[in-house]
Structure formats: structure tokens, C-alpha cells
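Input: a single structure, listed below in C-alpha cells.
Reminder, nothing fancy here: chain letters follow the sequence lines and each chain counts from 1.
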Amino acid sequence: MSTTTTSLRAFTAVLGRDVFVTGRELPSFLAQVLVQPVALLFVFGKVLGQLGYTQPGYAQILLPGMIALNAFLVALQNTSFPLVLDFSYSREIEDRLLAPLPISWVAVEKMLFGALRGLFAALLMFPIGLLMLGRVSWDLSGLPFAVLCMVLGSLAGGTVGLTVGAAVPPRRINIMFAVILAPLIFTGASQFPWAQLHDLRWFQIVCAFNPLTYVSEGMRGALLPEVPHMAPWVCVLALLLACLIFGAAGIKFFLRRALD
Amino acid sequence: MTTAVDVADLVKRYPKSRHNAVDGLSFRVRCGEIFGLLGPNGAGKTTTVGVLTTRIVPTSGKVEIGGVDVGRDPVAAKTKVAVVPQRVNLDRSLNARQNLLFHATYHGVGRSARHALADELLDRMGLAGKARARVDDLSGGQSQRLMIARALIHRPEVLFLDEPSTGLDPQARLFLHDRIEDLRSEGITVVLTTHDMDEAEKLSDRVGIVDHGRMLTVDTPSELIRSLPGSGTMDVTIRTNGLTPEAAGGTLAEIPGVQRVERIGRPSGEGGAAETRLRLYVAGETTELLGPVAARLHERTVTVTDLALGSATLEDVFIDLTGRDMR
Ligand SMILES: Nc1ncnc2c1ncn2[C@@H]1O[C@H](COP(=O)(O)OP(=O)(O)OP(=O)(O)O)[C@@H](O)[C@H]1O
Ligand SMILES: [Mg+2]
């Protein structure tokens with residue numbers, strides 16, 4: 001049997017292991033991916049709206065952003081956290097590093113699986129958003145492009161997660177949230193349209209460095225074309241670039257951690 | 001006889017380290033052999049096993065497993081080897097049996113085969129009752145046995161056991177030894193690192209002694225012991241009757257064939273009845289010296305209360321080669 005066939009089979013099996021483990025802990029996975037965006041959507045989309053602190057229609061702007069946020073962030077967290085643990089004292093990942101596939105494929109598997117979880121979490125936000133907001137006025141012809149953004153956003157989140165997870169030493173895991181996740185959440189244009197930030201130029205520039213911005217903008221542009229937004233091709237290009245850069249960096253860090 | 005493991009001029013220097021952890025190591029393991037890799041702490045055994053199992057990238061040198069260059073084709077090498085590491089690395093998200101099943105799946109063992117093998121191996125390793133146990137709930141010895149089962153489930157050509165008996169009770173150790181003997185009859189090549197010299201002597205067809213990342217010697221345990229200068233010993237317990245123990249030792253050391261005399265144990269008894277134990281290291285046949293030793297002691301009116309013959313052990317060889325200094 002050729003090496004490639006062996007490796008592909010091992011890759012599928014390693015992915016199968018992750019799916020199996022997730023399946024067993026589905027309730028905790030759902031809690032992990034849904035509580036935060038649902039709370040955000042509820043407070044900003046519903047409570048503030050009803051109290052009159054936000055303009056009518058803000059919830060509509062928020063929903064695509066929350067879906068984008070979930071795709072990117074869940075993918076990021078679900079790639080990085082398990083990786084930090086895997087490389088910590090338990091060294092649990094060793095059995096997979098010794099499976100007959102190239103080590104870089106194990107890195108790709110980790111990233112891909114994180115992205116799948118991100119995509120799943122993003123898809124879940126559709127029905128939940130509909131239920132919570134009651135009415136959404138989306139341009140359904142933009143749906144395919146929105147899905148493309150979700151897929152690319154999940155993949156980008158996975159690659160960033162791979163980079164972070166392989167680069168952060170286990171004992172630093174607690175500061176990871178404060179210095180990496182929180183800034184990513186609030187500079188990703190998921191709670192505001194990036195194109196309207198012209199009076200806050202410096203912030204607009206900061207946001208442009210966050211891959212999440214392009215997911216949010218791409219989705220909002222596709223579903224709510226009347227809201228000012230970034231050009232779709234810019235979003236796709238930026239996300240592809242992010243996948244490439246962080247994917248390469250992530251695999252490099254992963255190899256450095258996995259091999260002595 | 002074909003070669004299962006071929007290590008040639010292996011060098012490994014860890015990043016930021018000032019000396020080589022493995023420093024020009026070469027050895028060969030034949031197919032079906034049980035090879036003991038011995039060496040003091042930090043000698044480079046685990047590093048060598050790491051290179052052979054693709055986990056450590058060598059600085060230079062070449063290693064082959066069953067003719068496959070590990071550096072050039074790590075994936076093919078990984079299908080041929082299995083390793084039971086020094087530290088537990090079981091998958092804690094899975095129970096005992098699932099650990100075996102998933103490992104087998106990674107290695108492409110078919111569905112019905114892996115289920116049958118998992119049950120058989122759990123049984124053979126005395127873990128049938130623990131099939132559904134969480135990994136965290138297993139004792140050290142049980143984890144060790146589960147890792148051995150996991151290593152065997154994809155039918156490797158070469159099995160690396162890195163200090164497999166550390167932390168095992170005598171029963172578990174004997175059980176492990178029996179399982180290793182089973183592997184010999186199945187034709188699996190085993191490379192075993194251990195600090196337990198009796199274990200190495202008992203199990204290994206050949207042993208290699210490593211220190212400071214270099215191979216000092218490779219041979220069968222019995223040949224190594226035979227080649228040790230002063231490989232036979234004679235323990236004499238004497239009542240010196242006025243002679244100092246040093247003087248008694250000195251006079252014995254003059255006997256041709258006695259290489260070295262060492263005082264062992266503490267003097268016992270009181271005053272003139274004080275007993276001293278001396279160990280004589282002998283080149284050649286120990287029995288031939290019985291007469292001369294007894295005669296010499298009789299001349300000096302020293303009373304012999306006990307006399308025992310012994311042969312050197314692998315530990316003596318090990319200490320002779322690697323010295324007494326702790327690492
Ligand atoms: N990851 C690492 N980074 C840097 N140095 C290392 C690393 N692993 C081992 N070393 C060093 O390499 C040398 C050889 O270590 P190794 O673990 O191979 O020894 P060993 O023979 O297995 O010892 P022991 O009997 O204690 O298990 C030691 O000096 C050790 O400090
Ligand atoms: Mg070791």
C-alpha cells in the first residue's frame with residue numbers, strides 16, 4: 001500500500017477520533033459555543049433595542065456579525081485550547097503523532113476539525129437568531145456567498161487557532177483569553193459595520209488586521225446589501241490570505257512543538 | 001540474519017544544549033532479537049528511542065528500521081514500529097478499550113480484526129475487567145500494560161520499551177517479563193531500555209551499554225560478564241585474631257589470580273571476635289583459588305567462618321564500564 005493511501009486512512013481515523021470524542025460531550029460543546037453569542041445577541045439585539053438605546057434595525061446588523069463571530073471564534077478556540085492541553089504534561093497527542101501520517105497532516109487535521117466545529121456553531125446561530133429576533137429581512141440571493149464567508153471564516157479561525165495553540169506554552173493558557181481572544185472579539189466588525197467607521201479611522205485600521213472583520217463584512221454585505229460594506233472580493237482575498245499565512249505559521253509552530 | 005534496527009553514527013544535540021545528547025552512536029539489532037539498551041541516567045537512551053520512532057530529528061547520522069530510512073520515510077517507519085514510552089501518554093478522552101481500538105484504526109487494522117485483537121490483548125495483559133475503565137482510573141502498572149497492548153495491536157515489527165518495569169511491583173514485573181518472552185516466540189524484535197540489570201540479563205539476547213551518548217560495548221550478557229576482569233568473586237568472612245582487616249586483605253591480594261580485594265559490610269561481633277567480610281575479585285576459575293586462599297589465611301592464623309563463591313553480574317560490568325559517579 002502506498003504511503004499516501006496509508007496517510008489518508010490514518011488522517012480519516014484521527015479525524016474520526018475527534019468527531020467521536022465531540023459526539024460524546026455534545027452538551028458541553030453546545031454550551032461552550034452557544035452561551036456567549038446568544039447572550040450578546042440577546043442583550044445588544046433585544047434588550048437594548050427594547051429599551052430604546054439602539055436604533056431599530058441594529059439587531060439585523062448584529063445577527064450576521066454574531067454568526068461570523070461564532071464561525072471564527074469557535075474554530076479558533078476549538079483548535080487552540082485542545083492543542084495547548086495536548087502539548088502539556090499529558091502528551092496525549094503522541095499516539096497520533098506516531099500514527100502513520102506526516103506530522104504536518106496531524107496539524108491540518110487539528111485545524112480542520114476546529115474549523116468544522118466553528119462551522120457547525122455558526123450554522124446553529126441561524127435558527128437561534130431567527131427565533132430570538134422574530135423577523136429577519138435578508139437578501140436570500142446572498143446566502144451562497146454568506147456560506148462561503150462562513151466556511152472561509154471557520155478555516156481562518158482554525159489556522160489562527162493552530163498558530164496560537166502551538167505557540168502558547170501551556171502555563172500561559174490563562175492569559176491567552178485576555179490578550180488574544182478578547183481583542184479579537186471586539187475588533188472583528190461583528191457588532192458594527194466596518195465601512196461606517198470613517199470617523200474612527202485608527203480603529204478602522206486596527207480592525208482591518210483582524211481576519212474576523214472580513215467574515216463579518218462579507219456576510220453582512222451578502223445578507224444586508226443596503227448596509228455599507230466592504231467589497232466581497234476583498235473579503236474573500238483577505239480570508240484566503242489569512243488562511244495561507246496563519247496556516248503556514250501554525251504548521252511551522254506545530255512541527256516545532258511536536259518534534260524535538 | 002536480517003537487521004531490524006540499524007543505527008549509524010547517530011548524533012543528537014538538542015537546541016540550546018552545549019553537548020551532544022547522543023554522540024556518534026552505532027549499533028544493530030537483528031530481527032527477532034531482544035536487545036537491551038543500558039546506560040546511566042541521561043546517557044541518551046530515550047533520545048535514541050525517540051529518533052528511532054520518528055519523534056526526534058537527529059542532528060546527523062542515519063537510522064533504519066527494517067531497511068526503511070527513518071529520516072527519509074517517517075510514515076513507512078511508523079508502520080513498522082511501536083513504542084511504550086517512559087511516561088504514560090494514553091488518550092484520556094477515551095476508555096481503555098477505545099484507546100486500543102482507535103490506535104488500531106489509525107494504523108488501518110480492519111474493523112472486525114481490531115475488535116477481536118483489542119479483546120484478546122486486554123485479556124492477555126490482565127485488563128479484561130478494565131476494558132471500560134477511564135484511563136485516569138488505571139493504576140500505574142495497569143496503564144503500563146495498556147500501553148503495551150496498544151503498542152502490539154498494530155502488529156509492529158519492532159517494539160521499543162522505554163523502562164517498562166519502572167514502578168511495577170514484583171508480580172507485575174514477572175508478568176511483564178513473561179509477555180516479553182512471548183514476543184520473542186512471536187518473532188517481534190524488542191529494544192528494551194532498563195536500569196534493572198537482572199532484568200536486562202534475564203531478557204536480553206544482547207545488551208548494549210551506552211554512556212554520554214556513545215556505545216561502550218555490545219555483546220551477550222554472559223560474554224560481557226566473562227570478559228570482565230575479575231569476573232568471579234569469593235566472599236570470605238574471617239576472624240582476624242589480632243591482624244588488622246587491611247593487613248588480612250593485603251595478604252590475600254598477593255595471591256596470584258586475585259585481582260582486587262574489597263571490604264564489604266560492617267565488622268560484626270566484639271573485640272577479638274570481630275568478624276570482617278572481604279570480597280576477592282578473581283580472574284579465571286574461582287574454585288582454583290580455594291586452596292591457596294585457605295592456606296594463606298591458615299598461615300596467618302586467621303579463622304575463616306564463612307566462604308562463598310560468586311560470579312560477577314551484569315551490574316558489575318555496568319559499573320566497571322560507566323564508573324561509580326552519579327549523573
Ligand atoms: N527535550 C530535551 N531538550 C534538551 N535536552 C534534553 C531533552 N531531552 C533530553 N535531554 C538531555 O539529553 C540527554 C539524554 O537524555 P535522555 O532522556 O536520552 O537520557 P536517558 O538515557 O533516557 O536517561 P534516563 O535513564 O534518565 O531516562 C540528557 O542530558 C538530557 O538532559
Ligand atoms: Mg530515558
Quiz item: If you measure from CZ on A:Arg17 to CG on B:Asn99, what distance do you get to the nearest 0.5 Å?
Solution: 9.0 Å
Quiz item: Would the number of heavy atoms belonging to other residues, nucleotides or ligands and lying under 6.0 Å from NZ of B:Lys130 be above 12?
Solution: no
Self-check item: Heavy-atom neighbours of B:Arg13 CZ exceed 12 at 6.0 Å
Solution: yes
Self-check item: Which atoms of A:Phe11 approach chain B - backbone, side chain, both or neither, heavy atom under 4.5 Å
Solution: neither
Practice problem: Measure B:Val83 against the heavy atoms of chain A and call it side chain, backbone, both or neither at under 4.5 Å. | Solution: side chain
Quiz item: Is A:Glu92 close to B:Leu94 at the side-chain level, that is, under 4.5 Å between some pair of heavy atoms?
Solution: no
Exercise. For each of B:Thr53, B:Thr79, B:Asp91, tally heavy-atom pairs with chain A at distances under 4.5 Å, and name the one with the top tally.
Key: B:Asp91
Practice problem: Tell me, yes or no, whether the heavy-atom count around B:Arg155 atom CZ, taken from other residues, nucleotides or ligands under 6.0 Å, exceeds 12. | Solution: no
Quiz item: Checking heavy atoms, do the side chain of A:Leu101, its backbone, both or neither come under 4.5 Å from chain B?
Solution: backbone
Self-check item: Heavy-atom proximity to chain B below 4.5 Å, by part of A:Val14
Solution: both
Practice problem: Looking only at non-hydrogen atoms, find the nearest pair between A:Leu98 and B:Lys78 and report the distance. | Solution: O-CD, 3.4 Å
Exercise. Could you grab the distance from atom CD1 of A:Ile93 to atom CG of B:Asn89, nearest 0.5 Å is fine?
Key: 11.0 Å
Quiz prompt | Evaluation steps, salt bridge (Lys or Arg N to Asp or Glu O under 4.0 Å), between A:Asp260 and B:Lys12 | solution = CA-CA 10 Å; A:Asp260 270 322; B:Lys12 172 65 186 180; over 6 Å; no
Practice problem: Heavy atoms only: give me the nearest A:Arg9-B:His107 pair and the separation to one decimal. | Solution: NH2-O, 3.7 Å
Quiz item: B:Tyr106 and A:Ala99: which non-hydrogen atoms are nearest, and at how many Å?
Solution: CB-CB, 3.7 Å
